Q: 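Have a look at this one before I ask anything.
Just so you know, these numbers come straight off a predicted model, no measurement behind them.
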Amino acid sequence: MAISFSSQRMLAWTAPVALALTALAPALPAQAAPKPAPTVTTGPADKDLNGDGVADLVTVGGPGTVLASGVWSALGVKSRKTGVGTGQVQTPATNIGLRGNGFGGTYSAAEFDGAQVITGRFFGDTEEDFLAYYPSGPYAGNGTVIKGAGDGTMLDPASGNQANIGLDYLLDANGNSPLTLVNGYAADGVDNGIPDLIGISGDATNGYRLGYHPSFGAPGLYFGTTTLTNPTPTGGSDWQNWSIASTENASGVALFLRNATTGDLYLWTGVTMVDNGDGTGTLTHTQYQVAANWNTGVAISTLAAADINLDGTPDLWTVLPNGTYQAHLISGLSLTGTATVTATRAKQLA
């Protein structure tokens, strides 16, 4: 079909205008790159008391703290956005130790006064259980294991859900009871279903050492402490000045080590116990200095380790005698410098 002269003029006039409008139209702003999804590791959900995939916090009350006597359990809070732990816990915490330790005879929460309480699968089942150890006091050197209910609480120890850890089971080569104990998992490579223990023991005459306490496959049964020859993270032998906290993730067993006097905080990862066959052994590991001058001189009632936000790097919870807790999320581990420690706001547990 032929195009008329007037049609040609219209096309000639509109074409430049269309081109000009196209040239003047502002470009759409570039869309921001999507934020990377958080890195979430897979592996054992250590310290998860209720099976929701998030680590939970346990501490002990009684003399020297504002918390009432007993064992206090606070379930971890999961982020709605990422599905991992935030470092916050549900408060007020619950006193789950009202029925006592199972061997004290009073069936009261006061039986946990002076105890250190750690968690782990100490009955060999899927639930996390509770191990209370007494470094001093009327039960000094003894311990108890109480079965967990799987919801953050413990079962009644008077109903067959408890096992004793006898004084003789944990002595070192010089007859000393541990100053502290933590979960050793299966750091020696022998997994019989019951976690081993790692402790610090010694005396002024013979010195202080780390010790490895292998499980014999039954709740509360530990024999034959292996004396570990490792120096402290700073190369010394003053293990009595250090506190420890352990956890396990997909990368293996990890151990935090803190010197309250100097503020030194270290992390050992990939912890493996090598037995020398003569009653001594060594923990092989990779060492990181997490922080210097960290909570120097601060009294900490509970130092608990867990991969709180499931990023593959172990984190810490602290509970102070005043009943406040904080999470310390750790990132940026380096062999040549300190890491980044991000602390949440301190909050009351109860």
Q: Rounded to the nearest 0.5 Å, what separates atom CD in Glu111 from atom OH in Tyr134?
A: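 Answer rounded to 0.5 Å: 7.0 Å.
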Q: Less than 4.5 Å apart, any side-chain heavy atom of Thr269 and any of Tyr288?
A: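 Heavy-atom side-chain distance check passes, below 4.5 Å.
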Q: Of the non-hydrogen atoms in Phe130 and Gly148, which two are nearest, and what is the gap between them?
A: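 Shortest heavy-atom contact: CE1-CA, 3.9 Å.
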Q: Do you know the tightest heavy-atom contact between Ala291 and Thr338?
A: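 Where Ala291 meets Thr338 most closely, the heavy atoms are CA-CG2, 4.1 Å.
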Q: Tell me if a side-chain donor or acceptor on Thr59 pairs with a main-chain N or O of Trp72 at a distance below 3.5 Å.
A: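 Between the backbone of Trp72 and the side chain of Thr59 there is no qualifying donor-acceptor contact (under 3.5 Å).
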Q: If you look at every heavy atom in Trp268 and Leu210, which pair is closest and at what distance?
A: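 Closest pair (atom of Trp268, atom of Leu210, distance): CZ3-CD1, 4.1 Å.
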Q: Is it the case that the side chain of Asn161 and the backbone of Leu155 share a donor-acceptor pair, with hydrogens and angles ignored and the cut-off at 3.5 Å?
A: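 Looks like no, no N/O pair under 3.5 Å.
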Q: Does any part of the side chain of Tyr222, heavy atoms only, come nearer than 4.5 Å to the side chain of Ile194, both counted from C-beta?
A: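 Yes, side chains in contact.
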Q: Show your reasoning for whether side-chain contact (heavy atoms from CB on, under 4.5 Å) applies to Val290 and Leu316.
A: CA-CA 11 Å; Val290 177; Leu316 282 172; over 6 Å; no
Q: Counting C-beta onward and ignoring hydrogens, is there a side-chain heavy-atom pair between Pro135 and Leu179 closer than 4.5 Å?
A: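 When only atoms from C-beta onward are counted, Leu179 and Pro135 do not touch, as no gap falls below 4.5 Å.
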Q: Considering non-hydrogen atoms only, spot the tightest contact between Val190 and Ala186 and give its length.
A: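 Heavy-atom minimum between the residues: O-CB, 3.9 Å.
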Q: With a 4.5 Å heavy-atom cut-off, do Tyr208 and Ser237 have their side chains touching?
A: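 A side-chain contact under 4.5 Å is absent here.
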Q: So do Lys347 and Leu349 actually touch side chain to side chain, heavy atoms under 4.5 Å?
A: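 No, side chains not in contact.
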Q: So, for Ala55 and Trp317, which heavy atoms are closest and what is the spacing to 0.1 Å?
A: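 For Ala55 versus Trp317, the nearest heavy atoms are O-CH2, 3.4 Å.
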Q: Where the side chain of Asp48 meets the backbone of Gly53, is there a donor-acceptor pair that is under 3.5 Å apart?
A: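 Yes: the side chain of Asp48 pairs with the backbone of Gly53.
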Q: Name the one of Thr282, Thr227, Asp196, Thr225 that satisfies side chain to side chain donor-acceptor pair (under 3.5 Å) with Tyr212?
A: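 Testing Tyr212 for a side chain to side chain donor-acceptor pair (under 3.5 Å) against Thr282, Thr227, Asp196, Thr225 leaves exactly one candidate, Asp196.
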Q: Please report the interatomic distance CG(Leu197) to NE2(His213), rounded to the nearest 0.5 Å.
A: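 These two atoms lie 6.5 Å from each other.
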Q: With heavy-atom distances below 4.5 Å as the criterion, would you say the side chains of Ser79 and Thr86 are in contact?
A: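 Side chain of Ser79 against side chain of Thr86, heavy atoms only: contact under 4.5 Å found.
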Q: Where do Tyr169 and Phe223 land on the ring-ring contact (aromatic ring centres under 6.0 Å, His included) test, with the steps shown first?
A: CA-CA 5 Å; Tyr169 293 178; Phe223 285 123; 4.7 Å; yes
Q: Any heavy-atom pair between the side chains of Gln116 and Val60 that's under 4.5 Å?
A: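 A side-chain contact is absent here, since even the closest heavy-atom pair is not under 4.5 Å.
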Q: What are the two closest heavy atoms between Asp307 and Thr313, and how far apart are they?
A: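 For Asp307 and Thr313, the tightest heavy-atom pair comes out as OD1-O, 3.2 Å.
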Q: Tell me if a side-chain donor or acceptor on Lys78 pairs with a main-chain N or O of Val54 at a distance below 3.5 Å.
A: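 Such a contact is absent between Lys78 side chain and Val54 backbone.
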Q: Do Ser201 and Asn176 get their side chains close enough for a donor-acceptor pair, meaning under 3.5 Å?
A: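 Checked: Ser201/Asn176 side chains show no N/O donor-acceptor pair below 3.5 Å.
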Q: Would the distance check show the side chain of Glu248 and the main-chain N or O of Asp46 forming a donor-acceptor pair, the cut-off being under 3.5 Å?
A: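 No, Glu248 side chain to Asp46 backbone: no donor-acceptor pair under 3.5 Å.
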Q: Measure from the side-chain N and O atoms of Arg121 to the backbone N and O of Thr126, and report whether any donor-acceptor pair falls under 3.5 Å.
A: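 A pair under 3.5 Å: yes.
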Q: OG1/Thr280 to CZ/Arg209 distance, rounded to the nearest 0.5 angstrom?
A: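 If we round to the nearest 0.5 Å, Thr280:OG1 and Arg209:CZ are 10.5 Å apart.
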Q: Give a yes or no on whether the backbone of Gly87 and the side-chain of Asn309 come within a donor-acceptor separation of less than 3.5 Å.
A: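 Here the side-chain-to-backbone pair does not exist.
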Q: Any chance you could measure Thr119, atom OG1, to Ile146, atom CD1, to the nearest 0.5 Å?
A: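 Here the interatomic distance stands at 13.0 Å.
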Q: To the closest 0.5 Å, what do you measure between CG (Leu333) and CG (Leu267)?
A: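 Leu333 atom CG to Leu267 atom CG measures 6.0 Å (nearest 0.5 Å).
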Q: Does the side chain of Arg258 reach to within under 4.5 Å of the side chain of Ile300, using non-hydrogen atoms?
A: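 Sidechains of Ile300 and Arg258: in contact.
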Q: Taking Met273 as the starting point, is it possible to reach Tyr185 by hopping between hydrophobic residues whose side chains are less than 4.5 Å apart?
A: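 Linked within one cluster.
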Q: Between the side chain of Asn142 and the main-chain N/O of Ala140, is any donor-acceptor distance below 3.5 Å?
A: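 Here the side-chain-to-backbone pair exists.
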Q: Are Thr94 and Ser73 close enough, and set up right, to give a side-chain hydrogen bond (donor to acceptor under 3.5 Å, both in side chains), and what steps lead you there?
A: CA-CA 5 Å; Thr94 302; Ser73 171; over 6 Å; no
Q: Closer than 3.5 angstrom, by distance alone: can the side chain of Asp315 be matched with the main-chain N or O of Ile330 as a donor-acceptor pair?
A: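 Indeed, once roles are kept as given, a pair shorter than 3.5 Å links the two residues.
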Q: Can you tell me how far the CG atom of Asp238 sits from the CG atom of Asn259, to the nearest 0.5 Å?
A: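 If we round to the nearest 0.5 Å, Asp238:CG and Asn259:CG are 6.5 Å apart.
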Q: Given 3.5 Å as the limit, does a donor-acceptor pair link the side chain of Asp129 with the main chain of Phe123, or not?
A: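 Yes, the answer is positive, given that a donor and an acceptor are paired below the 3.5 Å cut-off.
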Q: Could you tell me whether the side chains of Thr91 and Gln348 share a donor-acceptor contact shorter than 3.5 Å?
A: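 Side chains of Thr91 and Gln348: no pair found under 3.5 Å.
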